[in-house]
Chemist: 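I have a structure here, written as structure tokens, and I will follow up with some questions on it.
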Amino acid sequence: MTPDAEGARIRSAADIDEWLEDRSAAELAEPFTFVVDADGVLRLAPRRSEHVVCAGGGRVYSAGEMAFERTAAGWAVTESSNQSAGYCPDTDTWPAVAASLDRAGIGHPDAFSHEVVFRRCPSCHERSIVHESAFVCAFCSGELPEQWNVDITGWVES
């Protein structure tokens, strides 16, 4: 799969086995791009893939990056984040990720290991990342809302 291709649908342990066995050691050493599509299915693509492309241009419940390791029980998520500049999902989208992993039989932690807080600035309309709980726009220094407000190309629904 090239970085410009739609993400592989992962519905089972066999799907993740097949997809990850085709990855190089270098690819396995870093996280992959993921989305949970409108059908609640996990999709994976190489890290340098765009999230919107991974989703086939469709709506998602969550998006970010995810790393795996093989355990005695099969593949398991070791790290995950909601880091997606394409969809800017809120931190409360983890339940959709966990549900997609559970359906596929993939072990996982109880939450994102790294949460990114995205907000759209009401003043300049740019998307910003909130750092250290400072809700200040990186572009115009305007105040950012405390509630998620980034509704862009495809919805992210929790």
Side-chain angles (χ1 to χ4, degrees), residues 1-11 15-16 19 23 26-68 76-104 106-158:
M1 176 181 298
T2 65
D4 297 324
E6 188 174 304
R9 288 175 177 86
I10 307 297
R11 294 185 177 98
D15 289 345
I16 191 88
W19 194 76
R23 303 301 107 198
E27 282 181 297
L28 288 170
E30 60 184 20
F32 296 99
T33 293
F34 85 85
V35 300
V36 176
D37 68 18
D39 295 327
V41 175
L42 177 70
R43 291 189 190 195
L44 295 174
R47 185 175 197 185
R48 284 152 190 57
S49 301
E50 293 293 329
H51 289 93
V52 175
V53 174
C54 181
R59 296 176 170 192
V60 301
Y61 286 106
S62 190
E65 294 186 341
M66 186 176 288
F68 298 90
V77 174
T78 57
E79 294 178 44
S80 61
S81 76
N82 63 315
Q83 184 172 329
S84 167
Y87 287 107
C88 302
D90 204 1
T91 58
D92 67 359
T93 62
W94 174 257
V97 178
S100 72
L101 292 166
D102 288 342
R103 281 190 297 277
I106 301 168
H108 59 82
D110 294 332
F112 289 119
S113 51
H114 177 71
E115 293 182 336
V116 180
V117 177
F118 294 99
R119 296 294 185 267
R120 183 177 295 281
C121 179
S123 298
C124 71
H125 307 289
E126 291 290 337
R127 290 173 281 164
S128 287
I129 294 176
V130 174
H131 295 282
E132 299 177 10
S133 299
F135 286 80
V136 177
C137 178
F139 300 95
C140 75
S141 299
E143 188 174 324
L144 297 173
E146 294 211 12
Q147 296 296 317
W148 183 83
N149 68 338
V150 186
D151 187 11
I152 54 178
T153 57
W155 54 241
V156 175
E157 188 173 292
S158 54

Chemist: Is there a side-chain contact between L42 and M66 in this structure, where contact means two heavy atoms from C-beta onward sitting under 4.5 Å apart?
Modeler: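 Side-chain contact under 4.5 Å: yes.
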Chemist: Provide the closest heavy-atom pair for R127 versus G86 in the form atom of the first, atom of the second, distance.
Modeler: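 Minimum heavy-atom separation between R127 and G86: NH1-O, 4.4 Å.
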Chemist: Taking only residues two or more places apart in sequence or in another chain, which ones pass ring pair (Phe, Tyr, Trp, His ring centres under 6.0 Å) with F118?
Modeler: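 Once residues adjacent in sequence are excluded, F118 has no partner under the ring pair (Phe, Tyr, Trp, His ring centres under 6.0 Å) criterion.
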Chemist: Mark yes or no for whether N82, through its side chain, and V116, through its backbone, hold a donor-acceptor pair below 3.5 Å.
Modeler: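 Such a contact is found between N82 side chain and V116 backbone.
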Chemist: Determine whether T93 and V36 make a side-chain contact, defined as any pair of heavy atoms from C-beta on separated by less than 4.5 Å.
Modeler: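 No, every pair of side-chain atoms sits at 4.5 Å or beyond.
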Chemist: Heavy atoms, side chains only, cut-off 4.5 Å: are E6 and R43 in contact?
Modeler: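 Yes, close enough: below the 4.5 Å cut-off.
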Chemist: Within a radius of less than 6.0 Å around CD of E30, do more than 12 heavy atoms belonging to other residues, nucleotides or ligands occur?
Modeler: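 Yes.
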Chemist: Are R47 and E65 within salt-bridge range, i.e. N to O under 4.0 Å?
Modeler: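 A salt bridge links R47 with E65.
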Chemist: Does G64 offer a backbone N or O that forms a donor-acceptor pair with the side chain of H51 under 3.5 Å?
Modeler: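 Yes, H51 side chain to G64 backbone: donor-acceptor pair under 3.5 Å.
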Chemist: Quick one: does C121's side chain get under 4.5 Å of C140's, heavy atoms only?
Modeler: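 In short, these two side chains touch, coming nearer than 4.5 Å.
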Chemist: Between the main-chain N or O of D92 and the side-chain N or O of D90, is there a donor-acceptor pair closer than 3.5 Å?
Modeler: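 Here the side-chain-to-backbone pair does not exist.
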Chemist: Can you give me the closest heavy-atom contact between A45 and F32, atom names plus distance?
Modeler: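 Scanning both residues completely, I find the closest heavy atoms to be O-CB, 3.4 Å.
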Chemist: Has the side chain of W148 got a donor or acceptor atom that lies under 3.5 Å from a matching backbone atom of T91?
Modeler: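 Not a single qualifying donor-acceptor pair exists.
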Chemist: Walk me through it: do V97 and F34 pass the test side-chain contact (heavy atoms from CB on, under 4.5 Å)?
Modeler: CA-CA 9 Å; V97 178; F34 85 85; 3.7 Å; yes
Chemist: Less than 4.5 Å apart, side chain to side chain, heavy atoms only: is that true for R9 and D15?
Modeler: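 No; the side chains remain at least 4.5 Å from each other.
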Chemist: Between A96 and Y61, what is the shortest heavy-atom contact and its length?
Modeler: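 That closest heavy-atom pairing would be CB-CB, 3.6 Å.
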Chemist: Closer than 3.5 angstrom, by distance alone: can the side chain of T33 be matched with the main-chain N or O of S49 as a donor-acceptor pair?
Modeler: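 Judged by distance alone, yes, a pair lies under 3.5 Å.
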Chemist: Please say which of C54, S100, S62 ends up in a side chain to side chain contact (heavy atoms under 4.5 Å, CB included) with V35.
Modeler: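 Running side chain to side chain contact (heavy atoms under 4.5 Å, CB included) over C54, S100, S62 with V35 returns exactly one hit, C54.
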Chemist: If only atom types and distance count, is the side chain of R119 paired as donor or acceptor with the main-chain N or O of S128 below 3.5 Å?
Modeler: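 Not confirmed, R119 side chain does not pair with S128 backbone.
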Chemist: I'd like to check I129 versus Q83 (side-chain heavy atoms, cut-off strictly below 4.5 Å). Are they in contact?
Modeler: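 Counting from C-beta outward, I129 and Q83 never come under 4.5 Å.
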Chemist: Give me the ring orientation class for W94 and H108: parallel if the planes are under 30° apart, tilted from 30 to 60°, perpendicular past 60°.
Modeler: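 Because their plane-to-plane angle is over 60°, the rings of W94 and H108 count as perpendicular.
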Chemist: Hey, do the aromatic rings of W19 and F68 have their centres closer than 6.0 Å?
Modeler: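 Ring-ring flag for W19/F68: false, centres at least 6.0 Å apart.
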Chemist: Could you give the distance from CG (L101) to CD1 (I10), rounded to the nearest 0.5 Å?
Modeler: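 Those atoms lie 10.0 Å apart.
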Chemist: Decide side-chain contact (heavy atoms from CB on, under 4.5 Å) for C137 and C124; before the verdict, give the C-alpha distance in whole Å, the side-chain angles of both, and the deciding distance to 0.1 Å.
Modeler: CA-CA 9 Å; C137 178; C124 71; 3.6 Å; yes
